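Predicted model, so just to flag it, every value in this text is computed and none were measured. Counting starts at 1 for both ligands and their atoms, following the listed order. Starting from 1, each residue takes its place in the sequence as its number.
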Amino acid sequence: MRKPIIAGNWKMYKTINEAIDLANGLKREFFKLDFAKVDAVLCPAFTALSEVAEVLNETDIGLGAQDVYWQDEGAFTGEVSPAMLKDAGCQYVIIGHSERRQFFGETNEAVNKKIKASLKHGLAPIICVGENLQERESNQTFKVIQDHVQGSLSGISADDLAKTVIAYEPVWAIGTGKTATPEQAQEVHKYIRDLLANLYNQEVADSIRIQYGGSVKPENITELIGKPDVDGALVGGASLKVDSFSVIVMRASEVVK
Ligand code: 13P
């Protein structure tokens, strides 16, 4: 049985004080959460990581960053290394988000290096894949997903794959209010799992958690997570408020499959 994992990607929102307030609010709400039934992860901006780590100290709530560089250290102005993220208190890191691919020219090759470096330092990568609207409308969805999955995972062993989370985020559903239907999500999640079974083996494919991301809200989480291959969510907008994010996590913990 795969334990659902809900991660909040705060993107470029929240000053340090705002981030502390949000983390404290969630910590209070999650007091009644059964962490045996769900994993909850917060992914603030780099600037707020240490302070949020302090708030989450001695709780079961995980902490993740939104990006990482692959070198251990060096003259790479503006970049942050996996060791620095560990030092700040992270257990997870989002890698290859579509906004990074789209606005910052991130390639599968860069994503692959970032995944390897993160694994080397004991960070669990949340690896994002997903097609844009034009690709979906021209029936390229599976081809794009295959390219993202295979390109991102090149040279990564089955043991290491088992430490990762995959996030399927159709670009056309991100921040648009337009959620993929549970059937559309399930179809791609199943495709990803079958692809992993082919590239690796059935056991690791069955163990890996695949999150859905794109306009996830309290109103649609139950139906999405109810699908057999949807093992969680990567939440943007609705993760910025205590009410909506806590309800999403709570509802995910209640879904019985
Ligand atoms: P929204 O939930 O705001 O659509 O964002 C999804 C996302 O990009 C999470 O990484």
Check: Just wondering, more than 12 heavy atoms not from E79 lying within 6.0 Å of its CD?
Finding: yes
Checklist line | Geometric cation-pi criterion R100 and F104, 6.0 Å radius, 45° cone | finding: yes
Item checked: Residue S215 vicinity, atoms of ligand 1 by number, heavy atom under 4.0 Å -> 1 (P), 2 (O), 4 (O)
Item checked: Where ligand 1 meets G175 - atom numbers and elements under 4.0 angstrom, heavy-atom basis -> 1 (P), 3 (O), 4 (O)
Checklist line | Structural part of A173 in contact with ligand 1, heavy atom criterion under 4.0 angstrom | finding: backbone
Notebook entry, point to check: Based purely on interatomic distance, does L234 place a nitrogen or oxygen under 3.5 Å from a nitrogen or oxygen of ligand 1?
Noted result: no
Margin query: With heavy-atom distances below 4.0 Å as the criterion, list the atoms of ligand 1 near G214.
Written below: 4 (O), 6 (C)
Checklist line | Close-contact set for ligand 1 against N9 heavy atoms, below 4.0 Å | finding: 9 (C), 10 (O)
Check: Between K190 and D229, is the closest basic N to carboxylate O distance under 4.0 Å?
Finding: no
Item checked: Straight-line distance of F245 CZ to I6 CD1, nearest 0.5 Å -> 7.0 Å
Checklist line | Distance in Å, F46 CZ paired with C90 SG, rounded so as to fall on 0.5 Å steps | finding: 8.5 Å
Note to self: Would G236 count as being in polar contact with ligand 1, using the rule that some N or O on each side must be under 3.5 angstrom apart?
What the structure shows: yes
Notebook entry, point to check: Would one find more than 12 heavy atoms of other residues, nucleotides or ligands at under 6.0 Å from atom NZ of K113?
Noted result: yes
Next item on the list: Would you please determine whether A7 falls within less than 4.0 Å of ligand 1 on a heavy-atom basis?
Entry: no
Next item on the list: Identify the protein heavy atom lying closest to atom 5 (O) of ligand 1, giving its residue, its atom name and the separation to 0.1 Å.
Entry: K11 NZ, 3.3 Å
Check: Charged N to carboxylate O under 4.0 angstrom, K3 versus D231?
Finding: no
Notebook entry, point to check: Taking 4.0 angstrom as the limit, do E254 and K37 come out as a salt bridge?
Noted result: no
Check: Under a heavy-atom criterion of less than 4.0 Å, does A238 contact ligand 1?
Finding: no
Check: Under 3.5 Å between some N or O of ligand 1 and some N or O of E169?
Finding: yes
Note to self: Return the closest protein heavy atom for atom 3 (O) of ligand 1 as residue, atom name and distance.
What the structure shows: G237 N, 2.8 Å
